[in-house]
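Notes for the one structure printed next.
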Number of protein chains: 2
Amino acid sequence: MPKTKISRRKREILNAAAVLFRYKGYAATSMRDLAEKVGLEVSSLYSHIKSKEEILTTLCFHCGDLYSEGLEKIIEMDADALQKIDAIMDLHINIAIDHPSSITVFNDEWKHLSENELQQFLQVRRNYEKGIKQILQEGIDCNLLKDYPLDILMNTMLSSMRWIHYIKTDNNPIDTKITRDIVKKMLLNGVARK
Amino acid sequence: MPKTKISRRKREILNAAAVLFRYKGYAATSMRDLAEKVGLEVSSLYSHIKSKEEILTTLCFHCGDLYSEGLEKIIEMDADALQKIDAIMDLHINIAIDHPSSITVFNDEWKHLSENELQQFLQVRRNYEKGIKQILQEGIDCNLLKDYPLDILMNTMLSSMRWIHYIKTDNNPIDTKITRDIVKKMLLNGVARK
DNA sequence: CACAAAAATACGAACATTTGTTCGTATTTC
DNA sequence: GAAATACGAACAAATGTTCGTATTTTTGTG
């Protein structure tokens, strides 16, 4: 894969774009908005990036990599399914807390990718979900997890963590440790007292 | 409240807009897209609606009403907290299945509301969350729910159902009954085998 | 180190499109 | 005949991007 090094300025542009896309959405963010945020004139942006869409592509696939690479490591772990599921939750919560803006873009703005990138993106996602489901199936087979349909299991599980990156802002930090522990417990054992 | 009756054509426009906003996003949907979908010319739309933004406002607040009115009925129920929480989950799952497009707009596009409506919208949401938290607190006090922080409890619970309206499309119907039952069980008792 | 050549970066002006909306007028509905 | 609806033409504003040209930074060489 051609992973060319990213200059300091480009990094700066990507970060600013992530924040703007997060709060205004991709389509409603203009290149002039972005330029202002970075302290450049519009045309200067194009010394660093090819197009607005390239920014979106970069952000989306970068996050995709975070998830995919994280999952790969988990799959290779020498552990039972429950421990792997624990690691998956760690992965998602960590990414949400460490990259709240990029993750929001990843979750909400991928639909604006152009045809080619969109298909590639969906492929990556399908692949990721396949990996997750395999682990869940493993858990069911070993009697560690309840035998619910994989789709519902996976969607509910992943979705239940998809609020952390919305909540996390600069003036609303999150107690990572507590949040992580409780969300995990909720998912594994539920909220009802026995 | 000035709830003027909505003509057939306007209804049609609102429905088409909900679908377009769902898949393309509010900002990326043009009035010409919308006109085409409804089978009119652009300018004709303005015989029925005041502006693009009015459409978004209508959609968002209509959904807000669905939730708020649903919750009000639940609050008035003569039931314990666990039953109320069950009803809340029913409410969310039903709305997601019955109005997948509007709900997606409600969830993802409210940020494009203009200042006044935005504030009003956030107020409605805060109020709704307050109601939810009260029920959760009631559950904790009665030893029906585990004593977790209300924020985490509420966010995780509501968030865990926020995938159903994404999945639900015309060619991907959802087994309402099964989905509803299992999601509920997952939330209350978790996924881990005891 | 000096210094010219080259490459990277910044900018203003301009572009073709697309945007939401308005207006005057025709047509339909009541 | 009045009110509601539909339409074509036109609008100003905003959009992403390009181009030519300065300016700055980096590089290669004596």
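The analysis underlying the following values was restricted to heavy atoms, covering all of them including side chains, and did not include hydrogens, waters or symmetry mates. Within every chain, numbering begins at 1; the chains are lettered A, B, ... in the order of the sequence lines, protein sequences first and strands thereafter.
- The cationic group of Arg162(A) does not satisfy the cation-pi geometry with Trp163(B), failing either the under 6.0 Å distance to the six-membered ring centre or the 45° limit from the ring axis.
- Taken to the nearest 0.5 Å, the CG atom of Leu56(B) stands 9.5 Å off from the CZ atom of Phe61(B).
- Each side chain to side chain donor-acceptor pair (under 3.5 Å) pair with one or both residues in residues 181-194 of chain B, not counting sequence neighbours, appears once here: Asn143(A)-Arg193(B), Asp86(B)-Lys184(B), Asp90(B)-Lys184(B).
- The pair Arg22(A)-Asp108(A) does not count as a salt bridge, with every side-chain nitrogen at least 4.0 angstrom from each carboxylate oxygen.
- DNA chain C is contacted by Tyr46(B), Ser51(B), Lys52(B) of residues 46-57 of chain B, taking any non-hydrogen atom closer than 4.0 Å.
- Listed by residue number, Thr29(B), Ser30(B), Met31(B), Arg32(B) are the residues of residues 29-37 of chain B with a heavy-atom contact under 4.0 Å to DNA chain C.
- Side-chain contact check for His112(B) versus Leu118(B): every heavy-atom pair is 4.5 Å or farther apart.
- No more than 12 heavy atoms of other residues, nucleotides or ligands shown are found within 6.0 angstrom of CZ on Arg8(A).
- Phe106(B) has its side chain out of reach of His99(B): every pair of non-hydrogen atoms, C-beta onward, lies at least 4.5 Å apart.
- Legend: salt bridge (Lys or Arg N to Asp or Glu O under 4.0 Å) pairs involving residues 70-80 of chain B, not counting sequence neighbours: none detected.
- Within the structure, salt bridge (Lys or Arg N to Asp or Glu O under 4.0 Å) pairs that include any residue of residues 169-178 of chain B do not occur (at least two apart or interchain).
- Ser43(B) has no side-chain polar atom (N or O) that falls below the 4.0 Å cut-off from OP1 or OP2 of dG8(D).
- Listed by first then second residue, pairs satisfying salt bridge (Lys or Arg N to Asp or Glu O under 4.0 Å) with a partner in residues 92-101 of chain A number zero, not counting sequence neighbours.
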Pairs under 3.5 Å (Watson-Crick or G-U), crossing ones as [ ], inter-strand ones as |: DNA chain C comes out as ||||||||||||||||||||||||||||||
Give me the distances for all protein-to-nucleotides 27-30 of chain C N/O pairs that come in under 3.5 Å?
none

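- Within residues 8-28 of chain A, no residue has a heavy atom under 4.0 Å from DNA chain D.
- Annotation: Ile178(A), atom CD1; neighbour count of heavy atoms from other residues, nucleotides and ligands within 6.0 Å does not exceed 12.
- For Gln83(B), the CD atom sits in a packed shell: over 12 heavy atoms of surrounding residues, nucleotides or ligands are nearer than 6.0 Å.
- In this structure, CG of Leu40(B) is placed 7 Å from C1' of dA6(D), rounded to the nearest angstrom.
- Rounded to an integer number of Å, the gap from Leu45(A) CG to dG12(C) P is 13 Å.
- The ring-ring contact (aromatic ring centres under 6.0 Å, His included) test applied to Tyr148(A) returns no partner, not counting sequence neighbours.
- No donor-acceptor pair under 3.5 Å is formed between the side chain of Asn172(B) and the backbone N or O of Lys168(B).
- Using cut-offs of 30° and 60° on the angle between ring planes, the pair His92(B) and Tyr67(B) is tilted.
- Interatomic distance, Ile93(A) CD1 to Ile164(A) CD1, rounded to the nearest 0.5 Å: 4.5 Å.
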Tabulate atom names and distances for all N/O pairs under 3.5 angstrom spanning the protein and nucleotides 23-28 of chain D.
none

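- Within the structure, side chain to side chain donor-acceptor pair (under 3.5 Å) contacts touching residues 42-54 of chain A (residues at least two apart or in different chains) are Glu53(A)-Ser114(A).
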